[in-house]
Structure formats: C-alpha cells, structure tokens
Amino acid sequence: NAGVTQTPKFQVLKTGQSMTLQCAQDMNHNSMYWYRQDPGMGLRLIYYSASEGTTDKGEVPNGYNVSRLNKREFSLRLESAAPSQTSVYFCASSERGGVSTDTQYFGPGTRLTVL
Amino acid sequence: AQSVTQLGSHVSVSEGALVLLRCNYSSSVPPYLFWYVQYPNQGLQLLLKYTTGATLVKGINGFEAEFKKSETSFHLTKPSAHMSDAAEYFCAVSAHRDNYGQNFVFGPGTRLSVLP
C-alpha cells in the first residue's frame, strides 16, 4: 500500500497562475481532507470530503476549490494564485468520516511557493 | 469550539534525557486527543491517541501521554530521548462538526531537538 500520495512535491507559481494539486489514497477510505501548514500555526483545514460526491468548506477555503473525483482521488485547485497561498499543503484521509475518533493518514505534502 | 496550545515552540534535550512536550486543550465536548509527529520533509504520522478508557496512552517509539481532564492537558513523554526522535510534534483535538464531520484542530507544533 502506498497510503496517501500527493503530486507534485514542489511547485513555484507566479501570482495569478492556476494549478491543481493531486491527492490519491489506496486505503478505501471514505473521507479526505486538504490542509495547509504555515510556520507557527499548525495545520488548518481548507476543504473536506466526507464521501464521494460531497465536499465542504473548512476553516480557510477562500481562494481554493476542490473536486472529489472518485473515492480514491481528491484534488485542490488554486484558480489565481496569490503570495499568501505560499505554504505546504497536506492531503489526508480517514476511514469512516464524521467519526471523531478516527485517525487521519497524511500524504508527504506539496511545497508551494507563489512569487 | 476546540483549541489547542503547545507550550514551547522549540524544546532541546540531551540524548538519554526525559522528553516532555506539553499540550493543553479547550473543548466544549469530551475531547478526543491525538499526538502526531512530522519528520523533516515528510507528512504527519500518528504517535498515539486518546478516545475513551485508560487515561495513560502508549504509542509508538516509546512515547506515552496522559489525559488529565482536571488540568485539560495531554502531555507527551518519553523516558529516554534518542537522536531519531528529533522532529516536530503536533497535538490535536478532534471534534465532530455537524457541517462536515470530523475536524481536527491542531496545535502550533513543538520542534524537538536531541543533542548528542
């Protein structure tokens, strides 16, 4: 099992450019998440998908869109990148969704720089 | 609403010394508490979690944490630090949210350095 995989690992964008971060999991998990990690702030939830076909906003959704393509894949899109979106982005998944005791499994992250 | 504070953004210990990383939380509902570790240039992985039952929880790599409701704390300890323990450690509280299910609230993290 590869667990949670993310592509790309690194990306540099210019302000205004768009891009999509890809995430896939092979654990047959129902729920998937996108977080951003900024120094001194821990991880903050951007979007969440409880199951295939559903998505919901998290704490910091502005400037992002998501697609739950199927049960395995959950992508994050930046339509018009801004320097404030420079961050490390993590995808995660959990088995059941909506269950507070579930463990979340994280991908290796995408380091994004917006110039 | 839930929140997590971690005292000390950076902790240094000598190899073989006790590791103590502090976590305090606030929660309006019974909390489910987690410790995650992040090694350099990697994603987060679960160290241990408290859900119900025994308040002393043992995790991987010799770490343990104790849930103390009266102190709203969930401090992480390891009796003897190893060089390989150098990493960033995140405490998190999990809560069920009506709108979108499980939501983790992470603390800001504590970077642990282990000195030879």
Side-chain angles (χ1 to χ4, degrees), chain A residues 2-7 9-10 21 23 25 27 29-51 54-61 66 68 74 88-111, chain B residues 1-10 21 23-25 27-53 57 59-60 67 87-111:
Chain A
V4 180
T5 57
Q6 293 182 236
T7 54
K9 286 186 166 50
F10 301 94
L21 281 64
C23 173
Q25 52 91 9
M27 296 175 283
H29 285 175
N30 286 307
S31 293
M32 298 185 75
Y33 313 78
W34 276 106
Y35 292 90
R36 59 178 289 172
Q37 182 183 28
D38 301 294
M41 301 188 71
L43 278 74
R44 293 179 292 169
L45 184 67
I46 304 172
Y47 269 93
Y48 163 90
S49 172
S51 61
T54 68
T55 61
D56 288 288
K57 295 178 181 179
E59 180 185 356
V60 288
V66 290
R68 183 74 182 268
F74 188 39
V88 181
Y89 291 85
F90 288 100
C91 179
S93 69
S94 64
E95 183 179 359
R96 293 172 288 180
V99 178
S100 301
T101 56
D102 268 6
T103 297
Q104 292 191 7
Y105 296 84
F106 287 80
T110 295
R111 189 174 296 274
Chain B
Q2 284 74 27
S3 67
V4 175
T5 57
Q6 292 182 241
L7 185 62
S9 59
H10 187 201
L21 303 181
C23 172
N24 289 88
Y25 69 90
S27 177
S28 56
V29 297
Y32 302 115
L33 296 159
F34 299 70
W35 275 101
Y36 279 84
V37 60
Q38 183 181 28
Y39 298 104
N41 299 314
Q42 295 186 27
L44 281 69
Q45 66 181 84
L46 181 71
L47 268 181
L48 50 80
K49 66 179 177 181
Y50 167 78
T51 55
T52 59
V57 181
I60 61 171
F67 169 58
E88 188 144 19
Y89 292 79
F90 292 92
C91 182
V93 61
S94 175
H96 181 80
R97 302 283 294 273
D98 289 339
N99 291 335
Y100 48 84
Q102 182 190 35
N103 183 27
F104 268 38
V105 175
F106 285 88
T110 296
R111 183 167 299 279

Name the region of B/Tyr50, side chain, backbone, both or neither, that has any atom closer than 4.5 Å to a heavy atom of chain A.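 Neither part.
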
Considering only heavy atoms, which portion of B/Gln42 lies under 4.5 Å from any heavy atom of chain A: side chain, backbone, both, or neither?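 B/Gln42 touches chain A through backbone heavy atoms alone.
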
Could you tell me which non-hydrogen atom of [X] sits nearest to which non-hydrogen atom of [Y], and how far apart they are?
| X | Y | value |
| --- | --- | --- |
| B/Leu44 | A/Phe106 | O-CB, 3.4 Å |
| B/Lys49 | A/Asp102 | NZ-C, 4.1 Å |
| A/Gly40 | B/Pro108 | O-CB, 3.3 Å |

Separation between CD (A/Gln37) and CZ (B/Phe90), nearest 0.5 Å, reads 4.5 Å

Rounded distance (nearest 0.5 Å) linking atom OG1 of A/Thr103 with atom CZ of B/Phe34: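 Atom-to-atom, A/Thr103:OG1 and B/Phe34:CZ are 5.5 Å apart.
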
Taking every non-hydrogen pair under 4.5 Å, which of B/Arg111, B/Gln6, B/Gln38 racks up the most with chain A? B/Gln38

Could you please spell out the steps behind the side-chain contact (heavy atoms from CB on, under 4.5 Å) verdict for A/Arg111 and B/Asn41? CA-CA 9 Å; A/Arg111 189 174 296 274; B/Asn41 299 314; 3.9 Å; yes

